[in-house]
Amino acid sequence: MKCRARSGTRLIVCAASLFCLTLVGLLPLQADAPSGQYQWQQALRLISRERMLADVIRLSSPEFNGRQAGTKHGLAGAAFIADQFTAAGLTLSSIPDQHMIGGTPTGLMTSPIKTTSIGPGPSLQLTLPGDSGFARLGAGYWPVLDSRSADVRGRIVFVGYGISDPAHGTDDYRGVDVRNAIVLFLRGKPGHYSTPVTHADKVRIAAEKGAAAYLTATGPILAPYEARRGMTGKPSAFYGLIPDSHDLPGAWISTELAERILTDGAGRHLRELQEGLNAKPAAQALDTGVAAQLRWEAGTEEGILANVLASIPAAPSEWAHETVILGAHRDHFGVQAGVLFPGADDNASGTAVLLEAARTITRSEWRPKRTVLFVSFDGEERGLLGSRLYVARAPIPLSHTKAMINVDHAGIGNGRLTVGVTGIEQDTALEAGRMAGLADKLDLFGFFPGGDHVPFHEAGIPTAAVVSGGVHPHFHQPTDTADTLNPEILEAAVRYVLELVKRVADGP
């Protein structure tokens, strides 16, 4: 299949109203509908918002303690999903060297993993006037979750976007000495710098320059993608994914705190500095005149990364040897700095959609022409570890994988669905929206750069990424709780996913 949607291209198709969407499960069936379609519509009537919300509530409860990959709670979450797949009538996949619980195959694809957690009582203290100088956890900063333990004090040096690439005309470190200092750099990169750069790249550069630690912040001028995602100046929890050879302790601080460091310490405005950085590759580095102390304990443990695989076998057909994957990541951040991250929208919501899709298909009389493989991925927050593990050890040859459909952040937003497709015909994605009663609530794009579909895309497999549209205000925050979700959005997501899976599994 060839995709005609170019990355960043937006297509909005208007048809039925939102009122019709909320009543679609109550509409009468057509008397002359083919029997297979009749049975499919009957199964769709049994989709339950309450059941999906109950799944979200349980997965985001203290029972699973934030579902951090590599912990006993992460593995308990995997066992729960395996039980739900079995109860729905799916067949747990037979995987070479699969993990066993009590001698029983569990459908788990596993790999050893080392997990880092920030202990209770971290602190970030700054020599700023007007208060005690302690930044507030959550509102003012979050330690980067895979940082090593920290007890560092040093002056803060602003280094722009933290890029040092003189060969391509950009060196944000020009003119400053950061040895034993704490560097402060902005997230992202200026538009004129075309070379890809990651957070880990910036930390590596800081370590090579002799910095003792780092702070990072979102600038007041947002890139179009950041604005569309509704990003704010509030810090979020995240993993830096930094190799041990360049590991530095670090924290994401609020835009407000970064502004205070620069205005109170150096008499400069962050917006003015960012405007200069965005305009041309000219260094804006400076010593802020403010010092900071970072203190926390980080603990590590050895554990198991666990994907859960279960399938609905294909009916006899010429395509029965092929597979369509429907996936959603299950993991979140666990407990960090003594605070529980429930991960209701991210991604108990996508997991609930995955489970409800499985129940709906097995209740219907539809038997796909291609096998439908359901995968609950682990380690997405840790750099897509679970989906990369699958691609590296695929139990079904990737050459026989027709498409991968990924569901993430499917419970909050503006009532629309955002879908990014690569290698799947736009007409297929749009027809799925029409059949789901969502034609006027569908925003279609090309490739999405983040999520468990990415390793499949890199392997040349057609993909679709499905998320709920609009702002997700609790993204990577402890406030991502089940009571913030909208069950109507969950239902819309599962309806769309089911129609898309059906078309890809049965299509040429």
Side-chain angles (χ1 to χ4, degrees), residues 60-62 64-68 71 73 115-128 130-152 156 182 184-187 199 213-220 222 226 229-241 249-262 264 270 290 292-299 331-348 381-382 409 411-412 471-485:
S60 58
S61 73
F64 297 111
N65 218 39
R67 311 183 305 281
Q68 187 178 18
T71 67
H73 294 98
T115 296
T116 301
S117 299
I118 304 298
S123 70
L124 171 59
Q125 188 175 10
L126 303 132
T127 57
L128 287 170
D131 55 31
S132 64
F134 282 98
R136 192 151 61 96
L137 182 69
Y141 79 103
W142 280 109
V144 176
L145 302 185
D146 50 355
S147 282
R148 59 177 171 85
S149 295
D151 189 358
V152 178
I156 300 175
I182 299 171
L184 166 61
F185 56 78
L186 299 177
R187 296 179 58 76
H199 176 84
Y214 69 92
L215 303 173
T216 187
T218 302
L222 298 178
E226 293 172 329
R229 288 290 304 272
M231 288 189 65
T232 67
K234 190 174 182 180
S236 296
F238 83 115
Y239 295 102
L241 308 177
W252 183 343
I253 66 173
S254 68
T255 304
E256 179 184 3
L257 185 56
E259 288 173 337
R260 285 194 59 198
I261 290 170
L262 286 159
D264 292 355
L270 182 56
V290 176
Q293 184 175 37
L294 288 68
R295 298 186 68 179
W296 55 73
E297 293 293 328
D331 65 298
H332 199 55
F333 295 125
V335 174
Q336 300 288 348
V339 179
L340 173 65
F341 285 77
D345 185 41
D346 182 19
N347 185 35
E381 304 290 3
R382 295 280 302 277
H409 297 91
I412 290 178
V471 176
H472 292 248
H474 307 286
F475 178 73
H476 287 195
Q477 301 292 336
T479 53
D480 183 8
T481 54
D483 61 315
T484 66
L485 267 61

> Please walk me through it: do T115 and Q68 pass side chain to side chain donor-acceptor pair (under 3.5 Å)?
Replying inline: CA-CA 8 Å; T115 296; Q68 187 178 18; 5.2 Å; no
>> Among residues at least two apart in sequence or on other chains, which ones pass salt bridge (Lys or Arg N to Asp or Glu O under 4.0 Å) with R148?
In response: none
> Within the distance-only criterion (no hydrogens, no angle test), does the side chain of Q477 pair as donor or acceptor with the backbone N or O of P235 below 3.5 angstrom?
Replying inline: yes
> By ring-ring contact (aromatic ring centres under 6.0 Å, His included), which residues pair with H474, not counting sequence neighbours?
Replying inline: none
>> Checking A251 now: which residues fulfil side-chain contact (heavy atoms from CB on, under 4.5 Å) with it, not counting sequence neighbours?
In response: Y141, L215, W296
>> Among residues at least two apart in sequence or on other chains, which ones pass side-chain contact (heavy atoms from CB on, under 4.5 Å) with A237?
In response: L145, F333, F341
>> Using the side-chain contact (heavy atoms from CB on, under 4.5 Å) criterion, which residues pair with T218? Sequence neighbours excluded.
In response: R187, L222, M231, W252, T255
> Is V290 close to R260 at the side-chain level, that is, under 4.5 Å between some pair of heavy atoms?
Replying inline: no
> Is any side-chain N of the basic residue among D151 and R295 closer than 4.0 Å to the acidic one's carboxylate O?
Replying inline: yes
> Taking the side chain from N347 and the backbone from H409, do they hold a donor-acceptor pair closer than 3.5 Å?
Replying inline: yes
>> A side-chain contact here means heavy atoms from C-beta on lying under 4.5 Å apart; do D480 and H472 qualify?
In response: no
> In chain order, what residues pass the salt bridge (Lys or Arg N to Asp or Glu O under 4.0 Å) check against D483, with sequence neighbours excluded?
Replying inline: none
